[in-house]
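In what follows, every chain begins at residue 1, and chains take the letters A, B, ... in the order their sequences are listed. Fair warning: this is a prediction, and the values are worked out from it, not measured in the lab.
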There are 2 protein chains.
Amino acid sequence: MKKEKELYRKFLRSKNLKLTKPRLIIMEAVFENHDHFNVDDLYEQIKKKHKNVSRATIYRTVPLLVESGLIKQSLRCESKDIYEHTYGHENHLHFICINCGKIIESGFNEVANLIDKLAEAKGFKISEYNLGARGLCKNCKKNKE
Amino acid sequence: MKKEKELYRKFLRSKNLKLTKPRLIIMEAVFENHDHFNVDDLYEQIKKKHKNVSRATIYRTVPLLVESGLIKQSLRCESKDIYEHTYGHENHLHFICINCGKIIESGFNEVANLIDKLAEAKGFKISEYNLGARGLCKNCKKNKE
DNA sequence: ACTTTATTGAGAATGAATCTCAAAATCACC
DNA sequence: GGTGATTTTGAGATTCATTCTCAATAAAGT
């Protein structure tokens, strides 16, 4: 947790961006969340803590967090852009339910190993995986019958 | 080309959907396109042929084509949903070079098989895969040294 | 043809993301 | 710890892809 904040501060400095309150509040909210989130989630989360930050600011700040490498954009869900942690978090394979929006995470290492091999065969050096699939989760599959 | 049309007709019938002119015109436009397209592309393409179909109808029809398995939703581009052919087109794993933007396609079946197993273990029914990785291609990797 | 039922078109509505600009905050400098 | 140049913020307006509405139209079984 400490390290992430330090990295973020360094990143802002290196870009000559100011360490403002809203930027710190948003970062904290992001690190309280331990899996996926979208801008609306952050907005509600911050509001609950009585710290007010406008949606516009969150929309402006999230791309900075992405650029800093602490989070990354994931597959969209319910027509919203969603984000996930990258720093200190295992990579996951995501199954997104097209009916209810639920995200199911699954093991990743096996898949990554296989993909690493394929990439190596092409001389490609992977820095970030994007692995997922859309479909129906257990419940929604059942209800469709 | 013939087969795809036949499959589409069968699909519509199996769903008790009518074989209307707009639905056929849209299907033809889709099959004239041989790689990626979005709703706007289709709209312009159809208009050029003096066949008029409203945007609303295209928006309603594209999901049918997806459901029928002839096309699938791909990664969005310029904040528009884009689609790509699946029928008669191999699935690919995309390696995207973050330096030069090149897309390298790689085999897919092995990976898909593995992912199918993982999904099954979670009771998840996959309808569409999104598999890729970002990194450096052979050339760019070399040039960075 | 006729009738029922699904589909279409045109424009209105929605909603996530972006933009605008005056007011407020940061920070380098004194 | 104040001052001023420069960024950043908030609030609401705006944009634009997508979805919805509903009267008019078309499909297809009889």
Worksheet item: Reckon A/Thr20 has a side-chain N or O less than 4.0 Å from the OP1 or OP2 of D/dT9?
Response: yes

From OH of B/Tyr43 across to P of D/dA17 the rounded distance in Å is 13 Å

Discussion item. Please tell me if B/Arg76 has a side-chain N or O lying less than 4.0 Å from either OP1 or OP2 of D/dT18.
Written reply: yes

Here the distance between atom C1' of C/dA6 and atom CG of B/Leu64, to the nearest Å, is 12 Å

Would you classify A/Asp81 as touching base, sugar-phosphate or nothing, given that sugar-phosphate means primed atoms plus P, OP1 and OP2, and contacts are heavy atoms under 4.0 Å?
sugar-phosphate

From OH of A/Tyr59 across to C1' of D/dA11 the rounded distance in Å is 15 Å

When rounded to whole Å, the CD1 to P distance for the pair A/Ile58 and C/dA17 reads 12 Å

- Item | Ring center gap for A/His94 and A/His36 short of 6.0 angstrom | yes

A/Arg60 CZ to D/dG10 P, in whole Å, measures 8 Å

Practice prompt. Remember a base hit wins even if backbone is also touched, and classify A/Asn38 as base, sugar-phosphate or nothing at under 4.0 Å, heavy atoms.
Written response: nothing

Classify the ring geometry between A/Phe95 and B/Phe124 as parallel (under 30°), tilted (30 to 60°) or perpendicular (over 60°).
parallel

- If you take atom types as modelled and just measure distance, does the side chain of A/Arg55 reach the base of D/dG12 with a donor-acceptor pair under 3.5 Å? no

- prompt: Do A/Glu84 and A/Lys72 have side chains that get closer than 4.5 Å, going by heavy atoms?
  reply: yes

Out of D/dG10, C/dT26, C/dA10, minimum distance to the side chain of A/Thr57 belongs to D/dG10

Would you please classify the geometry between the B/Tyr129 ring and the B/Phe108 ring as parallel, tilted or perpendicular, with 30° and 60° separating the classes? perpendicular

